[in-house]
Amino acid sequence: MTSDPGNAYTGGVSGRARIAMTPLRIVSLYAAVGAAWILFSDRALELFVRDPIRRSALASGKGIGYVVVTAVLLLLLIRSQHAERRDRDREVRTVLDSMPDAVLVVDRSGTIIDLNRAALALFAARDRRELLVPVAELAARVHLRRADGRRLDPARAASRRILGGEALAGLEALMRRLDGREIFISISSSPVQPRPGELPRMAVAVVRDISEVRRFEEMREDFLATAAHEFKTPLAVVKAYAQLMHKRGQGDQAALDVISRQIDRLTRMVHQLLEVARFRVSGAELSRERFDLLALVSEVVDRLRQQSDGRTIIVVLPDTPANVLGDRERIGQVIGSLLENALRFSPQGGDIEAALARHEGEAILSIRDHGLGIPPERQARIFERFYRAHAGTPQDYGGLGIGLGMSREVVTRHGGRMWFESSPGEGSTFFFSLPLAEERG
Amino acid sequence: MSGAVLVVEDDLDLASLIQMILADDGYEVALASDGQQALAQVAQRMPGVILLDMRMPVMNGWEFAREYHARYGSAAAPIVVVTAAENARARAEEIGADGWLEKPFEIDDVVRMVARFVSPADAGAAAP
């Protein structure tokens with residue numbers, strides 16, 4: 001075939017001149033040949049057939065013959081179009097069925113209207129019809145839930161947003177296949193938008209079995225936790241010896257002080273590593289209680305004021321409480337982590353501003369510093385676990401870079417968002433939002 | 001030899017280190033490298049306080065505590081848990097210990113903790 005797969009005729013042209021047969025050219029050729037035939041045959045009849053009766057009979061026969069030829073050509077054309085469409089459909093079908101990931105197509109009413117072979121395998125269904133049901137029904141049947149066990153309501157959460165035009169990437173969940181096996185899955189879906197500006201009529205979801213990946217991750221986190229735990233005994237030995245020698249007046253006192261200090265630093269980092277590992281492996285058991293975010297912010301700020309070397313932390317709070325539902329300790333850690341970052345990355349001083357506002361059913365906390373700011377080329381990765389935006393620069397103030405990634409994870413698990421604005425040399429403002437308790441159903 | 005402090009720890013370096021720290025302050029220290037050895041020591045002579053590591057081979061801290069309390073009841077000397085775990089306090093409560101030390105520790109904390117239960121002159125005497 002030539003490079004034009006949409007043309008039914010390129011394969012049929014046996015002529016040596018490989019001219020691309022566009023529809024316009026075909027029709028023009030037909031018209032030209034037809035016109036020429038009509039002119040020629042009419043002329044021929046006029047010239048060679050004297051008898052008017054015979055002439056009219058021949059003319060009719062010629063006309064009918066013309067229609068027959070045209071009809072045959074039309075038939076061939078239509079057949080080949082159909083065949084081509086069938087081939088293309090089959091190709092698409094083959095592509096879909098060859099995909100290792102499950103593909104589901106959902107219509108506006110939230111019903112699954114198409115799926116591929118991998119979807120059958122993923123759900124362990126024997127028949128397509130078992131899966132051509134409303135998404136909500138299938139989700140209930142497979143006990144679809146979040147990784148930490150809480151219920152996941154796809155109809156409410158995903159479909160409405162997707163059919164409204166949003167794409168959803170990598171939502172992790174647990175489900176029980178129809179054969180009883182529990183697997184971890186990752187769901188990504190996006191709207192099918194036939195024309196820009198139109199509301200999507202369908203959404204397509206890709207579901208991947210990530211049980212294996214999860215297992216390796218858990219193994220790795222386990223290892224991390226064990227390793228960090230094991231570090232502590234050697235650290236204890238070295239630190240204690242340094243202190244003992246110091247106490248006994250043996251050795252270089254200053255050097256022993258340094259050793260002790262560095263051990264403390266190592267210990268802090270080990271502690272942070274353990275925090276990270278524990279957070280994941282335990283599936284982030286977040287408690288749920290109702291508390292006043294306003295009071296919590298004041299509390300954390302007060303605690304940090306003592307460590308701020310006289311730097312001022314300005315607090316802007318509304319007059320009414322901002323009640324939220326969630327893990328008070330963890331959110332407190334998030335606020336503390338953001339404040340500590342603000343302090344750490346404004347070495348030249350400058351005030352830190354913490355402001356709490358209410359907006360459309362959410363409480364939004366912003367923490368602003370007038371410090372180093374984040375270089376633009378490093379901003380995209382700021383929430384990556386262990387990423388340090390100032391690593392290797394003259395402003396590298398150390399640390400393990402854990403705070404932001406974990407903080408954002410805590411916030412998103414509470415149904416909120418975290419984001420930031422930053423200019424190098426001017427400072428950064430970090431924001432996070434939490435749904436207000438009274439707004440929840 | 002009478003030991004006022006029994007240190008139960010499988011890491012030899014750490015065990016001898018704690019012994020040195022306490023000896024410097026005048027304590028008599030005996031060592032055991034696992035729960036079973038510790039039980040044998042206690043059977044010979046009840047110490048004034050036991051510093052107990054939790055993760056040990058042969059018999060770990062939990063198993064030792066269970067056996068120890070079962071055998072000696074109210075005559076049992078206090079236990080101080082020495083642990084690398086994040087939640088040292090929880091570990092202590094789990095086995096009914098009377099105190100805890102987190103690794104790595106300040107050596108002064110070790111001395112202070114031991115002093116709560118025994119004083120150096122009471123070599124061989126149990127805590128009241």
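Numbers restart at 1 for each chain; the letters A, B, ... are given by sequence-line order, proteins then strands.
- By the neighbour-count criterion of 12 heavy atoms within 6.0 Å, atom CD of B/Glu94 is densely surrounded, having more than that number from other residues, nucleotides or ligands.
- Here B/Asp13 contributes atom CG and A/Thr233 contributes atom OG1; the two are 10.5 Å apart, rounded to the nearest 0.5 Å.
- Going from atom CD1 of B/Ile107 over to atom CE of A/Met245 covers 11.5 Å, rounded to the nearest 0.5 Å.
- Considering every non-hydrogen atom in both A/Ala236 and B/Leu17, the closest pair reads O-CD2, 4.3 Å.
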Could you check B/Met20 against A/Arg248 for side chain to side chain contact (heavy atoms under 4.5 Å, CB included), going step by step and ending with a plain yes or no? CA-CA 11 Å; B/Met20 264 196 280; A/Arg248 289 174 171 181; 3.6 Å; yes

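- With a threshold of 4.5 angstrom between heavy atoms, B/Asp24 approaches chain A through side-chain atoms but not through N, CA, C or O.
- The NZ atom of A/Lys232 lies 12.5 Å from the CZ atom of B/Phe105; values are rounded to the nearest 0.5 Å.
- Heavy atoms from other residues, nucleotides or ligands lying under 6.0 Å from CZ of A/Phe231 number 12 at most.
- Rounding to the nearest 0.5 angstrom, the gap separating the CG atom in A/Leu244 from the CD1 atom in B/Ile18 is 11.5 Å.
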Does the side chain to side chain contact (heavy atoms under 4.5 Å, CB included) test come out yes or no for B/Asp108 and A/Lys247, once each step is laid out? CA-CA 10 Å; B/Asp108 289 342; A/Lys247 194 170 170 190; 4.1 Å; yes

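- Heavy atoms of B/Asp25 lying under 4.5 Å from chain A belong exclusively to its side chain.
- The pair A/Lys239-B/Glu106 meets the salt-bridge criterion, with a side-chain N (NZ, NE, NH1 or NH2) lying under 4.0 Å from an Asp/Glu carboxylate O.
- Counted within 6.0 Å of OH on B/Tyr72, heavy atoms from surrounding residues, nucleotides or ligands total more than 12; the atom is thus considered enclosed.
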